[in-house]
Every structure is written in structure tokens, then in C-alpha cells.
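Structure first, then comments.
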Amino acid sequence: MRHYWLDRITDLEPGVRATGVKAVGLAEEAFDAHFPGNPVFPGIYVLEGLAQTGGVLLGHGSEGRKLALMVSIERARFSSFARPGDQITLSVEIESLEADVARVRGTATVGDRQIAAARLTFKLVDSATLIPSAFEPLWRQAMETWLGRYLEPGP
């Protein structure tokens with residue numbers, strides 16, 4: 001199982017902010033036990049979607065040389081639920097950015113209803129230290145796909 005809680009980046013202003021979306025489908029494995037007869041998309045997956053959106057923003061700002069690893073979540077608040085059929089809008093904005101650490105503020109909404117908000121802190125590391133060279137093309141493909149740019153198949 002892949003743990004992508006971001007389907008697509010819809011808006012990106014490098015070094016400033018990004019917006020992504022997650023379409024919540026009833027087929028998500030999360031609904032197997034959360035909760036039978038009352039499906040609610042788990043809040044931790046909403047936070048991970050915000051983190052992945054922040055990771056794309058921070059990685060794109062470094063042209064892929066840095067990988068953003070979430071190290072802390074602060075002030076996480078959940079005010080409503082996402083359910084099957086909802087589209088979650090994941091918005092992040094950089095609060096601070098240094099050579100090896102960044103902090104973003106994120107909000108998740110369904111329509112005009114906020115469902116979650118949090119401040120996320122990331123450690124920025126050389127992508128080459130975490131992604132073996134053999135897997136680097138797969139990582140780049142995932143990033144490009146999130147950005148709506150699809151790579152041509154090889155020969």
C-alpha cells in the first residue's frame with residue numbers, strides 16, 4: 001500500500017505557498033475500520049496530506065536537491081470531518097525557511113468548511129542521502145505527477 005494522501009498540486013508559488021487536493025473515496029483502506037457504518041477520514045491522514053503538500057512546496061523550492069522530513073506537528077486542531085465523496089483542499093504557506101529547517105502553516109478544507117489546521121516543522125536534508133540513486137527516478141516521477149506533469153514512457 002502506498003501512503004499518498006495528496007492527489008495533485010493545484011497551485012504552487014515556489015518559496016511561498018502551495019495548494020493540493022485529496023479526493024476521498026469509499027474504497028480507501030482507512031474506512032475498513034474507521035468507522036463501520038459511519039465512515040470518517042482519519043485526521044492523521046489529513047495531517048499527512050498537509051505534510052506531503054508542504055514537502056512538495058519545499059522540495060520544489062530547492063529544485064529537488066532537498067527532501068523535507070516532517071519532524072513536528074504543533075497546534076493541530078480538528079474542527080470537522082471528511083467523508084467519502086469529499087474533496088479535501090490542502091493549503092500550506094511557509095512561515096520560516098532556513099538552510100536546514102522550515103516551518104509551514106497548513107489548513108485543510110472541504111468546500112468552505114475548515115476541517116483541520118496545524119503548524120508543521122520540517123528538517124531539510126540532501127535528497128541523495130535518503131533516496132538511493134536507483135529509486136531517484138521513481139521519486140522524481142511521483143513529484144512530477146503530483147504537479148500534473150507526466151513523464152513520457154521510456155523506450
Side-chain angles (χ1 to χ4, degrees), residues 1-34 41-76 78 82 84-110 115-155:
M1 172 170 152
R2 289 189 173 90
H3 296 282
Y4 294 135
W5 303 111
L6 166 66
D7 291 333
R8 176 97 181 248
I9 295 292
T10 58
D11 187 34
L12 177 68
E13 188 176 340
V16 180
R17 63 181 179 77
T19 304
V21 294
K22 167 64 179 159
V24 181
L26 184 57
E28 305 274 359
E29 288 183 25
F31 295 124
D32 290 348
H34 202 272
F41 194 65
I44 191 66
Y45 296 159
V46 174
L47 288 179
E48 181 61 26
L50 288 170
Q52 290 175 2
T53 304
V56 172
L57 171 63
L58 296 167
H60 192 273
S62 72
E63 297 174 358
R65 292 185 312 274
K66 296 283 187 172
L67 191 63
L69 300 176
M70 185 176 61
V71 294
S72 73
I73 301 170
E74 301 169 39
R75 300 181 183 166
F78 301 94
D86 286 342
Q87 179 174 287
I88 303 172
T89 300
L90 305 159
S91 302
V92 296
E93 184 175 312
I94 295 176
E95 284 188 343
S96 65
L97 177 60
E98 297 173 23
D100 64 345
V101 68
R103 178 173 286 155
V104 303
R105 183 175 6 118
T107 57
T109 58
V110 172
I115 63 169
R119 176 181 286 155
L120 309 170
T121 302
F122 296 87
K123 173 84 172 156
L124 304 175
V125 299
D126 259 349
S127 59
T129 62
L130 291 176
I131 302 173
S133 59
F135 293 106
E136 196 270 337
L138 298 171
W139 175 249
R140 291 232 179 265
Q141 182 180 5
M143 293 290 280
E144 293 297 311
T145 301
W146 275 336
L147 292 166
R149 298 187 293 239
Y150 304 102
L151 303 177
E152 294 296 319

Donor-acceptor pair, side chain of T10 and main chain of T19, under 3.5 angstrom: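 Pair found, side chain donor or acceptor close to backbone of T19.
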Any donor-acceptor pair under 3.5 Å from Q52 side chain to H3 backbone: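 Confirmed, Q52 side chain pairs with H3 backbone.
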Minimum heavy-atom distance [X]-[Y], with the two atoms named:
{"X": "A108", "Y": "I88", "value": "CB-CG2, 4.0 Å"}
{"X": "F78", "Y": "A116", "value": "CD2-CB, 3.8 Å"}
{"X": "L47", "Y": "A118", "value": "CD2-CB, 3.7 Å"}
{"X": "A18", "Y": "L57", "value": "CB-CB, 3.9 Å"}
{"X": "G55", "Y": "A68", "value": "CA-CB, 4.0 Å"}
{"X": "A99", "Y": "K66", "value": "O-NZ, 4.0 Å"}

L124 and its side chain to side chain contact (heavy atoms under 4.5 Å, CB included) partner, picked from L69, L97, V101: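 Per the side chain to side chain contact (heavy atoms under 4.5 Å, CB included) rule, the option paired with L124 is L97, out of L69, L97, V101.
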Does the side chain of [Y] come within less than 4.5 Å of [X]'s, by heavy atoms?
{"X": "L50", "Y": "W5", "value": "no"}
{"X": "F122", "Y": "V104", "value": "yes"}
{"X": "F31", "Y": "P84", "value": "yes"}
{"X": "L120", "Y": "R105", "value": "no"}
{"X": "D100", "Y": "K123", "value": "yes"}
{"X": "V56", "Y": "L6", "value": "yes"}
{"X": "R17", "Y": "V92", "value": "no"}
{"X": "V16", "Y": "P14", "value": "no"}

Any chance you could measure [X], atom [atom1], to [Y], atom [atom2], to the nearest 0.5 Å?
{"X": "L67", "Y": "W139", "atom1": "CG", "atom2": "CH2", "result": "5.5 Å"}
{"X": "L58", "Y": "M70", "atom1": "CG", "atom2": "CE", "result": "12.5 Å"}
{"X": "T109", "Y": "Q87", "atom1": "OG1", "atom2": "CD", "result": "9.5 Å"}
{"X": "I115", "Y": "D86", "atom1": "CD1", "atom2": "CG", "result": "7.5 Å"}
{"X": "T53", "Y": "K22", "atom1": "OG1", "atom2": "NZ", "result": "11.5 Å"}
{"X": "Y45", "Y": "E28", "atom1": "OH", "atom2": "CD", "result": "9.0 Å"}

Stepwise side chain to side chain contact (heavy atoms under 4.5 Å, CB included) check, S91 with T89: CA-CA 6 Å; S91 302; T89 300; 3.9 Å; yes
If the threshold is 4.0 Å, N to carboxylate O, is there a salt bridge linking [X] and [Y]?
{"X": "R140", "Y": "E144", "result": "no"}
{"X": "R103", "Y": "E93", "result": "no"}
{"X": "R65", "Y": "D126", "result": "no"}

